[in-house]
Amino acid sequence: MDQETLSPILELQRQRALLQMEYEEERAAYQQMAEAVGVERRVGRGDAWLPVSVTRTYYNSLNQLCVEIVRQLGPDDDADHNFEFGRPVQFFRSEKSNTSHLSPLTSHLKYFSFTGTVSFAEAERMVVAVPDGAPLVDLQSGEGQLGVMLSFDETSFRLMFEALERTMRAKGRLGYLRDLFYTRQRAETFTFPDMGFQYLNATQERAVNEVLRAKDVAIVHGPPGTGKTTTLVEAIYETLRREPQVLVCAQSNMAVDWISEKLVDRGLNVLRIGNPVRVDDKMLAFTYERRFEAHPDYPQLWALRKAIRELRAAKKRGEQWHQRMDRLKDRATELEIRIRAELFGEARVIASTLVGSANRLLDGMRFGTLFIDEAAQAMEAACWIPIRRAQRVILAGDHCQLPPTVKCYEALKGGLGRTLMERIAMLKPEVVTLLRMQYRMHEDIMRFSSDWFYHNQMVAAPEVRHRSILDLDLPMTWISPPPAPPQRRGEQSQQAAKKASEVYSPPSLGEGQGVGLSHFNDFEARLTLLALQAYFELIGKERILQERIDVGVISPYRAQVQLLRQLLKRTEFFKPFRRLITVNTVDGFQGQERDVIVISLVRSNDEGQIGFLRDLRRMNVAITRARMKVIILGDRRTLCRHPFYRKLWQYVESLRG
């Protein structure tokens, strides 16, 4: 159907149908995993902790019953996990006492009947909010080991479905924005002369001016290293000179933390709804929960809540009991409303995830402007959750980097992966400002990304154009592993893959499948570390440590990441440099940068199958994390059958001159 004549209601109905497909796929996948995948593998994937122990239980400032748990990590254990604020979890007990022998066949799990929600999580400590009346005594005692695992997230889907339904029925401003975003109707703007901003370049200045002029919508398109966050912070700061308060959202907690921290550094009063991923004093200081606890009236409220709980526990109940309970509740409610009103009244920026914007704390609130950061990673339905609270919408991100996560192939093919930012950019190119000057990487690293993804519009700032670690160094190199004997190529069996992922020995050529069907390639992993060691030897140990030259080792596959981490821990050469080396997936490096980036592409097979390496936006992210050097490891015979990787290989070879 022609986009110009597209019915907004029909398109939203189509989005709902695609989202339903994704919901059913995710739910079925979770149930299948729960039945077929053992606890040990879920722990390995970062979806479960076992064993854990309860250190304390308490009521937090939001009057939620909370359980604090800790886990013990061994020297070779992976501290990475997928627990973060707002995610639902289930507690369970395992009858096995030795986790190293757990398997889905021999380990019997007993699940507790309630579901909790992560309040915050660190590497070894987590706080879970649980329902009042949860059997805490059973958590703290009983046979077998206590564990916790991620549960299927019904809440996020429910909120997205509700947002789509509400948007379809909407009148007034929400109905106007709906019709505007799905048609070629021109967005309205104010007219005033350009303002200058001392610390911004020309395209950043233009972006801020376009945000201020927009009555309805504006998009800040920020390719890697172009200062998107700097621009967005300035746009928010200038908006707050015209409006009393704004709502700032992003898809992930990490993205909300990042923009919130920058806004605090700019001197703005930020109130963060929800807890940060990185739990430190600076980040916690602007959360609603901490601010609530720090209010002078909080001790009085805490005493009232304690009295209510003690009164509830009293066995004798008569007329006086009810009268006293009513008085205590009324006083507690009045005090809570007063504290909340003061905190929201003082805040200039309210920050939350897209799903978090449905929090009851925001009930009845409206904002002149909604800013959505990393909008190119957010599902369209999720964006409509906070849009209902806003008069106008500013989106920032880059649809040439990481896309939304869509697990259902049919839904992805149907267009669920297309974001609201992409849709508006296509229908209304006049509202988009592309940031063109990048301040991160050597010009030769930038050039390939600029040519392939950004129509050759990127420019390297003079101060980074020729930045390098070594004189006459090539900014990009590609190492292709030598050919493997035919009998040792191809996929390994699950049993062989499991053994390799556990002991990483002996090395084999070609790729295999590890935990959760993720691919790994142990020969390439070893070659990756040898290549990094050779580069470190060229630079020199003293210089690396003195200048703190940092390195990111990236692989698109989690199994390869886990393999690389284990090898790194066991390699004596890298011991002095461990604090300078980070190993993670492409998604884990979003928004980050390093002096040196090493990329292990894993795939090596006779059929030329490259799986989700076909999502080229991930490669754009991986390459553009580097400031001065990119080292790519990948089997070019497998990869170069795809035009993108063939072009990349040719480009890297051309740098040799």
Side-chain angles (χ1 to χ4, degrees), residues 15-50 78 80-84 86-92 102-105 107 109 111 115-118 147-161 164 251-252 354-355 377-382 402-419 491 493-494 497-498 501 512-520 555-562 585-588 602 609-615 618:
Q15 284 287 315
R16 184 180 57 188
L18 293 171
L19 189 64
Q20 183 69 35
M21 292 165 63
E22 173 71 4
Y23 166 75
E24 289 169 1
E25 173 86 7
E26 279 206 35
R27 187 176 59 179
Y30 175 80
Q31 289 171 344
Q32 184 179 5
M33 184 200 74
E35 292 166 6
V37 177
V39 177
E40 184 183 19
R41 287 177 64 190
R42 274 182 268 186
V43 170
R45 289 158 55 128
D47 293 338
W49 285 6
L50 180 71
D78 194 342
D80 263 13
H81 60 78
N82 300 317
F83 294 92
E84 64 175 44
R87 299 201 68 175
V89 294
Q90 267 188 304
F91 286 96
F92 63 90
L102 284 169
S103 77
L105 297 176
S107 174
L109 301 183
Y111 292 94
T115 300
T117 305
V118 177
V148 63
M149 68 174 65
L150 287 171
S151 183
F152 180 64
D153 190 0
E154 294 272 359
T155 304
S156 295
F157 279 102
R158 176 178 57 78
L159 291 171
M160 286 192 284
F161 283 123
L164 290 176
Q251 171 67 19
S252 68
L354 295 166
V355 170
Q377 281 186 264
M379 276 192 192
E380 200 164 324
L402 290 180
T405 302
V406 178
K407 295 178 181 175
C408 175
Y409 177 71
E410 290 302 318
L412 185 65
K413 205 164 69 170
L416 191 61
R418 175 189 281 178
T419 64
E491 303 282 334
S493 70
Q494 278 293 321
K498 184 174 183 294
S501 67
Q513 288 183 317
V515 174
L517 304 184
S518 180
H519 292 260
F520 72 92
S555 178
Y557 293 98
R558 179 168 287 277
Q560 186 78 345
V561 166
Q562 291 173 335
T585 59
V586 181
D587 299 58
V602 176
Q609 294 178 0
I610 62 171
F612 82 136
L613 291 186
R614 285 192 299 268
D615 189 343
R618 282 192 151 73

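It should be emphasised that the depicted structure is a prediction, and the values quoted were computed from it without experimental measurement.
- No donor-acceptor distance shorter than 3.5 angstrom exists from the side chain of Arg45 to the backbone of Arg558, with no hydrogens or angles considered.
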Name every donor-acceptor pair, under 3.5 Å, that has one atom in a side chain of residues 147-155 and the other anywhere in the protein, sequence neighbours excluded.
{"residue": "Asp153", "atom": "OD1", "partner": "Thr155", "partner atom": "N", "Å": "3.3"}
{"residue": "Asp153", "atom": "OD1", "partner": "Ser156", "partner atom": "N", "Å": "3.3"}
{"residue": "Asp153", "atom": "OD2", "partner": "Ser156", "partner atom": "OG", "Å": "2.7"}
{"residue": "Glu154", "atom": "OE1", "partner": "Tyr23", "partner atom": "OH", "Å": "2.9"}
{"residue": "Glu154", "atom": "OE2", "partner": "Tyr23", "partner atom": "OH", "Å": "3.2"}

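- Closest approach of Ala381 to Leu19, counting heavy atoms only: CB-CD2, 4.0 Å.
- Taking every heavy atom of both residues into account, Pro404 and Thr419 meet most closely at CG-CG2, 3.5 Å.
- At least one donor-acceptor pair under 3.5 Å links the side chain of Gln562 to the backbone N or O of Gly44.
- Nearest heavy atom pair, residue Ser555 against residue Val561, reads O-CG2, 3.8 Å.
- If you take CZ on Arg16 and CD on Glu380, they are separated by 14.0 Å, rounding to the nearest 0.5 Å.
- Applying the ring pair (Phe, Tyr, Trp, His ring centres under 6.0 Å) criterion to Phe612, with sequence neighbours excluded, gives Tyr557.
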| request: Might you work through the side chain to side chain contact (heavy atoms under 4.5 Å, CB included) test for Arg618 and Leu402, ending with a clear yes or no? | output: CA-CA 6 Å; Arg618 282 192 151 73; Leu402 290 180; 3.6 Å; yes
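- For the pair Thr117/Arg87, no side-chain contact is recorded, criterion being any heavy-atom separation below 4.5 Å from C-beta on.
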| request: Take Met379 and Val406, measure what side chain to side chain contact (heavy atoms under 4.5 Å, CB included) needs, and give me the verdict at the end. | output: CA-CA 9 Å; Met379 276 192 192; Val406 178; 4.0 Å; yes
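- Not counting sequence neighbours, the partners of Ser252 by the side-chain contact (heavy atoms from CB on, under 4.5 Å) test are Met254, Ala255.
- When the salt bridge (Lys or Arg N to Asp or Glu O under 4.0 Å) test is applied to Arg158, the partners found at least two apart in sequence or on another chain are Glu162.
- Within the 4.5 Å cutoff, no side-chain heavy atoms of Met21 are placed close to those of Glu25.
- Rounding to the nearest 0.5 Å places CG of Asp615 at 8.5 Å from CG of Leu412.
- Closest non-hydrogen pair, Ala382 versus Leu354, comes out as O-CB, 3.7 Å.
- A search for salt bridge (Lys or Arg N to Asp or Glu O under 4.0 Å) contacts involving Lys413 returns Glu410, not counting sequence neighbours.
- Considering only residues two or more places apart in sequence or on other chains, Glu22 meets the salt bridge (Lys or Arg N to Asp or Glu O under 4.0 Å) condition with none of them.
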| request: Please assess Phe157 against Glu26 for the test side chain to side chain contact (heavy atoms under 4.5 Å, CB included), listing each intermediate value before the final yes or no. | output: CA-CA 10 Å; Phe157 279 102; Glu26 279 206 35; 3.7 Å; yes
